[in-house]
Amino acid sequence: MKRQKRDRFQRAYVHGYKAGITGRSRDDCPSQDVNMREYWMSGWREGRGDQWAGMTGVSGIHKNPMVM
């Protein structure tokens, strides 16, 4: 059975979330494409918010977009 390709915007969001939750800078966004950057920044903002709220490690497992 063939696997569906993952949505590249969803992947950009997940990578942005991971960057935000680990405390990386928003300047680390790898894409120059406006749409991809928008999704990455959206994930980064949510990740930073979760980091500031203390949802890292086991306490934030329910917020991890890879688990959903």
Review point. Got a sec, which residues hit side-chain hydrogen bond (donor to acceptor under 3.5 Å, both in side chains) with Gln51, two or more places apart in sequence or on another chain?
Key: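 Only Arg48 meet the side-chain hydrogen bond (donor to acceptor under 3.5 Å, both in side chains) criterion with Gln51.
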**Study point:** Atom pair CH2/CD1 of Trp52 and Ile21 - distance to nearest 0.5 Å
**Key:**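 The distance works out to 11.0 Å.
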Check your understanding: About how many Å separate OG of Ser31 and NE2 of His15, when rounded to the nearest 0.5 Å?
Key ->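 Here the rounded value is 11.5 Å.
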Practice item. Applying salt bridge (charged side-chain N to carboxylate O under 4.0 Å, His left out), name anything that partners Arg24, two or more places apart in sequence or on another chain. Key: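 Per chain and number, Arg24 pairs via salt bridge (charged side-chain N to carboxylate O under 4.0 Å, His left out) with Asp28.
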Could you give the side-chain donor-acceptor pairs of residues 34-43 under 3.5 Å, partners two or more places apart or in another chain?
none

